[in-house]
Structure formats: C-alpha cells, structure tokens
Amino acid sequence: MKKTKRTIACVMTVVMFLVNSSAVFAAQDGAVGNDVRIISMEEAQQAAITHIKNVMSTDKESLWNTGVKIDERKAIFDDKNRLECYYFGIKDKDNNDCGYVITGANTSMYPIIEFAEEGESFLDVSIEHVVEKVNDMEQADLSSKNCKLYYMGDMNYAVECKVDNNDSKIYDITTSDIVEMAEVCWEDEETQEQDYSDMWEMYLNMTTRGSNPPDSKGEDFITNPNNYESGYKDSKYNMVDGGFIYYNVMDDFTDGFVCAPTAATNLCKYWYLRDPSKYGDLFLNCSWNDVFWEMFEIMETNKQSGTPEVNIEDAYKLYFYDRGLSCRAYLYHGTNNGIYVVEELDNNRPCNLIVYNHYKYRDHSVLALGYSQFTYSNGYCSTYIRIADGWINYPSRYVWGHCQGNWNYVVVIPD
C-alpha cells in the first residue's frame, strides 16, 4: 500500500502556517469555466519547493530537514491525454530516495495533490512491478520507457505498458494490489470545477512577494539585507554582545577544507574577548594558531575532505574540558529557515552554523553572530544570519535562511 498524505492534510498544514484560511477556502465555492489556467512544470516545481520548505519548517522530525533535492520530473495525463498533474521525485544529499511531491497542473486543482517524505516513490515501484508482470506474461523485454502514466482523479493512478503496435496492458497502481484494467477510467466525483487560483498564488509567490534575496550562482555576497526586502510588516535586528570584532580566516592557519576548526577557533576567540577573566584559558598558549590546530586534531579534520559533522559537538566539549572549563554543546539538524538560529542568538550567544550546497559557500562551517529578520502580513518570515565566514576578517556578510541547500547548527553554551 502506498504511503500518502491526502490533499486536505497538505492544504491545512500550509494554510495554518502561511495565510489566513478564510481567504483560501472562499475560492472553493464557485465554478471557473474557461478561466482555468494551465500551470507550467516550472511553476509546479516552485509550488513543490514551497511545500517542501513548509514541511521542513513545521516538522522538525521530517527526513527532509537533512537536506533534499528534486531529482526527477514527470508530467502525468488523463485518459484523454490532457495534462493533469506533475510528479517530482526527491532525493537526499546522499542521493537516496526521499519521497515525492505530486502537484496539480491547472488552477482547478489543489496545488499539492499528495506527497511522501521518505523512501522510494510508489510510482517507480509500481511501474517496475508492472513491467515485470507484463514481461513474464508476454515473454517480452520491456522497460519503464515503454510505460505511460495516467491520473484518474482522487489520487488514483494507472500505468499503460505498450507490448507492441497493436497491444498494450493497463494496470491500476493506486495501491500495492496492482490490478489489470480494460481502459483508463477517470474518477469523476465532482460535477463542478473548483477555483484554487488564490491557493496557487500563495504557493508561487509566498517566497518572493516583497522578498528577493540572491539564491543562485553568480550573485554577490549579502551585506545589506534591506536591499532585498520591501513591503514587510515588521523587522528586527540583533547582534550578540561584543560580536563586532575581527575574526580569523582559514588562510591564517593553513590551506584546505578547514572551515570547521576555523569557526571553532573564532567561537573561542569571541568568548575569550567577551570575558577574559572567565574564559581566558580558551586562548591556548596565547596563540589562536595553537587553538586552531588543537581543534583540527580533536575534530579529526582532513584538509582534503573536511570535518565530519558528528565530531564538532564533542570537540567543543572536549576542548573546554581540556582548558579547565566546561560547556554544553548540541548538534541540531535543520534551522526552520534560520528561525532556530535566531532563537539561539536571542540568547546572546553565537553558534556554529553549517551550510550545505550554498550558492556561494557550498559546504561550509561559519560562526553565526547576528541577524536581520523581516516579517510580512501573511506570516512569511525572511531571515538573514550575520556570520564570520572564515573568508574575511570582519563579520559583514549574511546568509539567507530560505536559500537553496540545507543548514544544521551546533549550540555551544559555556558554563
């Protein structure tokens, strides 16, 4: 049996998080006739991305928080060969299957038809089973390329395998009970077309309305978040006490992938300068170079491959302990588009932010020190984290919480 989450569940999750529900559901009562707009695959993918980010921000336990990408795209048609929906297969950062999202293909359909957050897609599994069954029955040598997907309405699907020019086999693949059919039949449960244009507007414009930060290769570094935001309802800014200092860069110590021990050295430097009487022993032999190489060893950093993320948390605890101090350190996966980092910075302490697949930094550890945050009337929050990035000495650059890739972070709480 396929693992799905019905459309209404998806809709309610997004509505509660993003907009006032009355504005969305008011559009469901009227027919639209010729006003139905076809959704392009590019628009559908944007809706899928908005949905993925919403799940990540509302469900800390979702596997998508470890970082995912859209790896496969398919258009799915009805029995009359009309475009009905789009399928987006998802993989994690290690290229493992991590669920899927199926969107509508016009404004008379919900933007998100169904989704799953883990495992191989039921569509791929079902097509494989159908191909095996047809090959066994017909003594053929078909592949998935010989198959065509159909959407039959109400989250029902069929696949057709073309055996030869005159013969084909059709199977209902809605559940694991793959059943042969004589023909593709549309499940016509509603006699009146619905208009979900407002909902599509929300999905397509939610991440860009009034907010247009750089999120692709070739853009400049973010140094002034105000340049990218307009029309917001509220904004706030913060910097940890004493955060405006000159930090070390990776080239101060050595070459290679050494961002994690550099960020750790800068965190120790921050606490030392903030209160030398309490944290003076963090300054090993009065040398930040010595601090770096100690962190380099504890973290088991490799100049060619970098630092295993799982080592960072314990490295802070061990280094503090070795210096006669103590701290609590915790590694967290996912940051709710930067909001969890803001909560930590509001506690007036920096944290070790780890970004993956960032358009500028790629996979990189930095020290998070402050933020700028913009909130819009529909609830959307655009968050920028101010960092010491290990590339320049002064913390004048930001990373944007909704950027491509994913973030993790290590909280360090000196005792």
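Here the structure is a predicted model, which is why all the values come from computation and not from measurement.
- Relative orientation of the Tyr246 and Tyr394 rings is tilted, given thresholds of 30° and 60° on the angle between their planes.
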Test Tyr87 against Ser121 for side-chain hydrogen bond (donor to acceptor under 3.5 Å, both in side chains), laying out the working first.
CA-CA 10 Å; Tyr87 164 86; Ser121 161; 3.0 Å; yes
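- Taken from CD1 in Ile245 to CG in Leu273, the straight-line distance is 4.5 Å, to the nearest 0.5 Å.
- Counting non-hydrogen atoms of other residues, nucleotides and ligands closer than 6.0 Å to NZ of Lys303 gives a total above 12.
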Is there a side chain to side chain contact (heavy atoms under 4.5 Å, CB included) between Cys381 and Gln373 once you walk through the steps?
CA-CA 7 Å; Cys381 186; Gln373 192 172 65; 3.3 Å; yes
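- You'll find the ring centres of Phe115 and Tyr100 outside the 6.0 Å limit.
- Counting only heavy atoms from C-beta outward, the side chains of Leu123 and Ile102 approach each other to under 4.5 Å.
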Please report the C-alpha distance between Lys69 and Asn406 in whole Å, then the side-chain angles of each, then the deciding distance to 0.1 Å, and finally whether the side-chain hydrogen bond (donor to acceptor under 3.5 Å, both in side chains) criterion is met.
CA-CA 10 Å; Lys69 61 183 178 181; Asn406 66 293; over 6 Å; no
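- Listed for the Arg386 side chain is a donor-acceptor partner under 3.5 Å among the backbone atoms of Pro395.
- Using modelled atom types, no side-chain atom of Tyr340 and backbone atom of Glu344 make a donor-acceptor pair closer than 3.5 Å.
- Here the side chain of Asp290 pairs no donor or acceptor atom with the backbone of Ser287 at under 3.5 angstrom.
- At least one donor-acceptor pair closer than 3.5 Å links the side chain of Thr107 to the backbone N or O of Arg37.
- In this structure a side-chain-to-backbone donor-acceptor pair under 3.5 Å is missing from Asn302 to Gly306.
- Closest of all the heavy-atom pairs between Asn238 and Leu345 is ND2-O, 3.7 Å.
- With contacts defined as side-chain heavy-atom distances shorter than 4.5 Å, the pair Ile39/Thr103 does not qualify.
- Ring pair Phe221/Trp391 is perpendicular by interplanar angle, where above 60° counts as perpendicular and below 30° as parallel.
- Ala47 approaches Ile112 most closely through the heavy-atom pair O-CD1, 4.0 Å.
- No more than 12 heavy atoms of other residues, nucleotides or ligands sit less than 6.0 Å from atom CD of Glu297.
- Looking only at distances, no side-chain donor or acceptor of Asp92 sits under 3.5 Å from a matching main-chain atom of Val68.
- Put simply, the side chain of Trp400 never gets that close to the backbone of Ile222: no donor and acceptor are under 3.5 Å apart.
- Residues Asp363 and Val355 are not in side-chain contact: their nearest non-hydrogen atoms beyond the backbone lie 4.5 Å or more apart.
- Residues Met152 and Tyr157 are not in side-chain contact: their nearest non-hydrogen atoms beyond the backbone lie 4.5 Å or more apart.
- Note on ring orientation: taking the six-membered ring where Trp is involved, the planes of His364 and Tyr361 are parallel (angle under 30°, cut-offs 30° and 60°).
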Trace of the side chain to side chain contact (heavy atoms under 4.5 Å, CB included) decision for Leu149 with Lys74:
CA-CA 9 Å; Leu149 278 171; Lys74 294 179 183 177; 4.0 Å; yes
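- What you find for Phe88 and Ala48 is that their closest heavy atoms are CD1-CB, 3.9 Å.
- Classification of the Phe292-Phe253 ring pair by plane angle, with boundaries at 30° and 60°, yields parallel.
- Distance alone, capped at 3.5 Å, places no donor-acceptor pair between the Glu128 side chain and the Val125 backbone.
- Tyr398 places none of its side-chain heavy atoms less than 4.5 Å from the side chain of Ile387.
- For the 3.5 Å distance criterion, the side chains of Glu229 and Tyr384 qualify, holding a donor opposite an acceptor.
- A distance of 7.0 Å separates CD1 of Ile90 from SG of Cys98, quoted to the nearest 0.5 Å.
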With side-chain hydrogen bond (donor to acceptor under 3.5 Å, both in side chains) as the test, would you mind laying out the steps for Asn226 and Asn224 before giving the verdict?
CA-CA 5 Å; Asn226 289 282; Asn224 185 357; 3.3 Å; yes
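- The only member of Val410, Ile298, Leu331, Asn408 that meets side chain to side chain contact (heavy atoms under 4.5 Å, CB included) when paired with Ile312 is Val410.
- Residues Tyr356 and Trp407 place their aromatic rings such that the two centres sit no closer than 6.0 Å.
- Using a 4.5 Å heavy-atom threshold, the side chains of Val291 and Asn285 count as separate.
- Residues Trp200 and Tyr203 place their aromatic rings such that the two centres sit no closer than 6.0 Å.
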From CA spacing to verdict: side chain to side chain contact (heavy atoms under 4.5 Å, CB included), Leu353, Val399:
CA-CA 10 Å; Leu353 176 62; Val399 286; 3.9 Å; yes
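- Two rings, from Tyr272 and Tyr279, have their centers 6.0 Å or more apart.
- Panel note: side chain Asn311, backbone Met299; a donor-acceptor pair is recorded below 3.5 Å.
- Between the side chain of Asn347 and the main chain of Arg349, no donor-acceptor pair closer than 3.5 Å is present.
- Looking only at side-chain heavy atoms (C-beta outward), Lys233 and Thr375 stay at 4.5 Å or farther from each other.
- In this pair, Tyr376 and Tyr232 present their aromatic rings perpendicular. The plane angle is above 60°, beyond the 30 to 60° band.
- Closest approach of Cys268 and Tyr319 over heavy atoms only: SG-CE2, 3.8 Å.
- With a 4.5 Å cut-off on side-chain heavy atoms, Val366 and Asn352 do not count as touching.
- With rounding to the nearest 0.5 angstrom, the OG1 atom of Thr335 is 7.5 Å from the OH atom of Tyr409.
- Among all heavy-atom pairs drawn from Pro350 and Leu267, the shortest one is O-CD1, 4.3 Å.
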Does the side chain to side chain contact (heavy atoms under 4.5 Å, CB included) test come out yes or no for Val159 and Tyr150, once each step is laid out?
CA-CA 6 Å; Val159 61; Tyr150 294 97; over 6 Å; no
